[in-house]
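Heads up: the structure comes next, in structure tokens.
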Amino acid sequence: MFFNSLIFAIFLPIVFLLYWFVFSKTKSSQNAFLVVVSYYFYSCWDWRFLFLLLFSTLLCYYTGIKIEKSIGERERKFWFWLSIVFNLGFLAIFKYYNFFAFSFSEALNNIGLQSSPLLLNVILPVGISFYTFHGLSYIIDIYYKRIQSEKNIIDYALFVSYFPLLVAGPIERATHLLPQVKLKRSFDFEKAKEGVYQIIWGLVKKVVIADTCATYANAIFDNYTSMNSLSLILGAVYFAFQIYGDFSGYSDMALGMSKLFGLDLLRNFNYPYFSRDIAEFWRRWHISLSSWFRDYLYIPLGGSRGSKLKQVRNVFIIFVVSGFWHGANWTFLAWGFINAMYFLPSLLLGTNRNNMETAELHWDFNSIKVFFSILATFSITCLAWIFFRAKSIHTAFDYISTIFTNGNFASQFLQNQRYSYELLWLILAFVLVEWNSRYKIEPISGKFSWLKMALCLLTIIALGTYSDYKEFIYFQF
């Protein structure tokens with residue numbers, strides 16, 4: 001059940017009306033209803049994987065209580081590691097087993113030892129990386145006594161399975177969402193209105209920008225051997241806006257619909273393509289994952305403390321692990337490694353905490369520097385995205401090599417093109433709208449909000465009708 005589907009457009013209003021008009025009397029009834037709705041929502045993908053979500057929920061709920069009640073450190077560690085091993089074990093089996101088995105077999109074959117990998121014929125449960133990380137952060141916070149364990153199973157189940165964030169985030173923290181879950185919510189018209197605006201803008205990002213760019217990005221990447229330099233550059237740019245519109249669009253819709261139910265989720269994107277360096281980019285892109293790795297991996301490893309060598313080690317660990325989190329493919333590991341290399345100069349020069357404020361442009365010399373810093377950061381980000389999108393490391397290098405060696409910058413006709421290079425004007429208009437709205441959560445609110453909302457809806461209807469690409473990219477992670 002996609003957020004951008006007709007069935008979800010029917011599902012959400014029904015849930016909203018039942019939530020506020022039937023189940024709003026107590027906090028318990030609100031939470032119980034949302035848990036049932038969330039499990040139904042997840043079952044629409046594949047009901048067979050409901051047991052994984054239920055097992056992960058019960059495991060973390062039970063071990064969290066046992067950790068808190070443990071008398072000695074040895075007992076605390078036992079329950080802590082039991083939860084960690086089982087959670088990561090399920091993630092490893094479903095998401096990474098085949099990758100490691102195939103890679104190991106290939107390595108043996110390369111040294112002359114013939115082997116055939118024993119692969120599992122299983123599909124990846126949707127959202128497993130997200131709800132596993134919800135549970136892991138909860139257990140880690142209890143172990144380090146940052147929070148107390150949750151005794152109400154319904155409240156905890158809602159924290160893990162809340163349907164707007166269940167399949168593609170943002171990755172929530174118990175410290176942020178659980179306190180809200182434990183309070184009865186009252187309908188707030190202004191918050192609900194903000195939520196509607198954010199949902200609509202998320203749909204614009206997904207349906208108008210991401211899905212339109214996907215048509216061209218897919219055509220270029222799938223036929224890159226016959227594309228010239230200009231087309232390959234455009235392919236990388238189109239994919240950059242596809243993945244941004246797709247993932248940030250999903251996050252906007254998740255945050256917006258959550259406001260309809262009186263709950264606030266963590267912001268996941270903050271106009272990342274206006275970043276002036278790669279450190280700023282990672283403070284603005286997939287914020288919930290970046291901050292998760294910072295708090296639960298980077299800082300425990302020593303963070304920015306210690307020698308420069310240890311700091312470099314820590315940076316490479318979190319970026320490579322972040323790449324591996326996205327999928328069991330060498331291309332994701334390469335993408336993480338490249339971003340670590342990008343980040344390295346800022347770390348060594350001590351400039352990684354620069355550019356903490358939002359970028360500004362004025363008619364002065366400094367603005368020229370800001371503009372080209374943004375352009376340079378976007379360019380190297382697009383270069384890294386090629387590895388993220390490519391089917392193999394070889395394909396990525398071949399794609400990049402052709403950009404620099406082909407030398408042909410003439411326009412090429414794509415067999416499935418519908419908008420020609422007018423898509424670039426659409427992207428430019430989108431960038432200008434976001435630039436003028438970079439201090440806001442979304443561009444629709446403010447003056448003439450109803451007119452802007454109507455224009456957005458008309459644009460969604462006009463361009464969304466022709467889209468072939470419906471699925472969200474991050475559902476595969």
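Scope of the values below: all heavy atoms of this structure, side chains included, with no hydrogens, waters or symmetry mates.
A 4.5 Å side-chain heavy-atom check between I171 and S137 finds every atom pair outside the cut-off. Two residues are said to be in side-chain contact when any heavy atoms from C-beta on lie closer than 4.5 Å; Y439 and Y271 fail this criterion. The shortest distance between side-chain heavy atoms of V196 and L260 falls below 4.5 Å. Looking at L165 and H134, their side chains come closer than 4.5 Å, going by heavy atoms from C-beta outward. You'll find the side chain of T331 stays beyond 4.5 Å of the side chain of K391, heavy atoms only. Looking only at side-chain heavy atoms (C-beta outward), P170 and L255 come within less than 4.5 Å of each other. Using a 4.5 Å heavy-atom cutoff, the side chains of Q30 and S24 are in contact. Considering only heavy atoms from C-beta on, F23 stays 4.5 Å or farther from L34 through its side chain.
Evaluation of the salt bridge (Lys or Arg N to Asp or Glu O under 4.0 Å) rule for R173 yields D295 as partners, not counting sequence neighbours. Not a single ring-ring contact (aromatic ring centres under 6.0 Å, His included) links W47 to another residue, sequence neighbours left out. Residues that satisfy the ring-ring contact (aromatic ring centres under 6.0 Å, His included) test with F261, not counting sequence neighbours, are Y19, F163.
Residue-environment remark: CZ (F16) exceeds the threshold of 12 foreign heavy atoms within 6.0 Å. Heavy-atom neighbours of F51 CZ from other residues, nucleotides or ligands within 6.0 Å: above the threshold of 12. Atom CZ of F337 has 12 or fewer heavy atoms from other residues, nucleotides or ligands within 6.0 Å. Under a cut-off of 6.0 angstrom, the local environment of CE in M453 is crowded, with over 12 non-hydrogen atoms contributed by other residues, nucleotides or ligands. Within a 6.0 Å sphere centred on NZ of K184, other residues, nucleotides and ligands contribute more than 12 heavy atoms. Heavy atoms of other residues, nucleotides or ligands lying less than 6.0 angstrom from CZ of F55 number more than 12. The number of heavy-atom neighbours closer than 6.0 Å to CD1 of I7, taken from other residues, nucleotides and ligands shown, is 12 or below. The number of heavy atoms from other shown groups lying within 6.0 Å of CZ (F371) does not exceed 12.
The minimum heavy-atom distance linking G235 with A217 is given by the pair O-CB, 4.1 Å. Here the closest non-hydrogen pair linking N352 and A279 is O-CB, 3.5 Å. Counting all heavy atoms, side chain and backbone alike, N339 lies closest to W335 at ND2-O, 2.9 Å. Between K452 and K447, the shortest heavy-atom contact is CE-O, 3.0 Å. What you find for R283 and N355 is that their closest heavy atoms are NH2-O, 3.1 Å. Of all the heavy atoms in Y250 and V167, the pair that sits closest is OH-CG2, 3.1 Å.
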Handout entry: Trace of the side chain to side chain contact (heavy atoms under 4.5 Å, CB included) decision for R294 with W282
Key = CA-CA 11 Å; R294 179 197 65 205; W282 280 106; over 6 Å; no
Exercise for the section: Output, in order, the C-alpha distance, side-chain angles, deciding distance and verdict of ring-ring contact (aromatic ring centres under 6.0 Å, His included) for Y138 and Y156. Expected result: CA-CA 10 Å; Y138 171 76; Y156 179 73; 4.5 Å; yes
Practice task
Dump the intermediate steps for side chain to side chain donor-acceptor pair (under 3.5 Å) on N31 and R185, then the final yes or no.
Solution key: CA-CA 10 Å; N31 291 352; R185 278 81 69 189; 2.7 Å; yes
Handout entry: Intermediate values then yes/no, side chain to side chain contact (heavy atoms under 4.5 Å, CB included), W292 and L136
Key = CA-CA 10 Å; W292 200 100; L136 288 175; 3.9 Å; yes
Exercise for the section: For side chain to side chain contact (heavy atoms under 4.5 Å, CB included), just list the numbers for Y162 and L263, CA-CA rounded to whole Å, side-chain angles, deciding distance to a tenth of an Å, and then say yes or no. Expected result: CA-CA 10 Å; Y162 185 42; L263 295 168; 3.7 Å; yes
Handout entry: Trace of the ring-ring contact (aromatic ring centres under 6.0 Å, His included) decision for F388 with W385
Key = CA-CA 5 Å; F388 194 97; W385 281 136; 5.2 Å; yes
Handout entry: Step-by-step side chain to side chain contact (heavy atoms under 4.5 Å, CB included) determination, I374 to V370
Key = CA-CA 6 Å; I374 292 173; V370 170; 4.0 Å; yes
Exercise for the section: Begin with the C-alpha distance, continue with both residues' side-chain angles, and end with the deciding distance and a verdict on side chain to side chain donor-acceptor pair (under 3.5 Å) for T402 and Y224. Expected result: CA-CA 9 Å; T402 306; Y224 77 95; over 6 Å; no
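Electrostatic pairing of E360 and R438 counts as a salt bridge here, judged by a charged N lying under 4.0 Å from a carboxylate O. A salt bridge links R276 with E357: the closest approach of a Lys/Arg side-chain nitrogen to an acidic carboxylate oxygen falls below 4.0 angstrom. Contact check on D264 versus K191 returns a salt bridge, with a Lys/Arg side-chain nitrogen under 4.0 Å from an Asp/Glu carboxylate oxygen. Ion pairing between K193 and E190 holds under the 4.0 Å rule for side-chain N and carboxylate O.
Considering CG of L53 and CG of L58, their distance stands at 9.5 Å, rounded to 0.5 Å. To the nearest 0.5 Å, atom CZ of residue R389 and atom CD1 of residue I243 are 10.0 Å apart. To the nearest 0.5 Å, the span separating OG on S251 from CG on L265 amounts to 9.5 Å. Between the NZ atom of K205 and the CG atom of D252 there is a distance of 4.0 Å, given to the nearest 0.5 Å. Between atom OG of residue S291 and atom OH of residue Y296 there is a gap of 8.5 Å, rounded to the nearest 0.5 Å.
Taking the centre of each ring, W330 and F387 stay at or above the 6.0 Å mark.
Ring-plane geometry between F41 and W45 is classed as perpendicular, the angle between the planes exceeding 60 degrees on a 0 to 90 degree scale with a lower cut at 30. Taking the six-membered ring where tryptophan is involved, the planes of F343 and F319 are tilted, since the angle between them lies from 30° to 60°. The aromatic rings of F8 and F3 sit tilted, their planes meeting at an angle between 30° and 60°. In this pair, Y244 and W285 present their aromatic rings tilted. The plane angle is within the 30 to 60° band. Ring geometry for Y238 against Y216 counts as tilted: the plane angle lies between 30° and 60°, on a 0 to 90° scale.
A donor-acceptor pair is defined here as one N or O able to donate and one able to accept, closer than 3.5 Å; no such pair exists between the side chain of S56 and the backbone of L52. Between the T26 side chain and the S29 main chain, a donor and an acceptor come within less than 3.5 Å of each other. The backbone N or O of Y61 sits nowhere less than 3.5 Å from a side-chain atom of E150 that would complete a donor-acceptor pair. The main-chain N or O of S83 is found under 3.5 Å from a side-chain atom of N87 such that the two form a donor-acceptor pair. A donor-acceptor contact shorter than 3.5 Å is absent between the side chain of K206 and the backbone of N4.
For the side-chain contact (heavy atoms from CB on, under 4.5 Å) with Y342, the lone residue among T381, L383, D277 that qualifies is L383. Just one of F372, F281, Y273 meets the ring-ring contact (aromatic ring centres under 6.0 Å, His included) condition when paired with F378; it is Y273.
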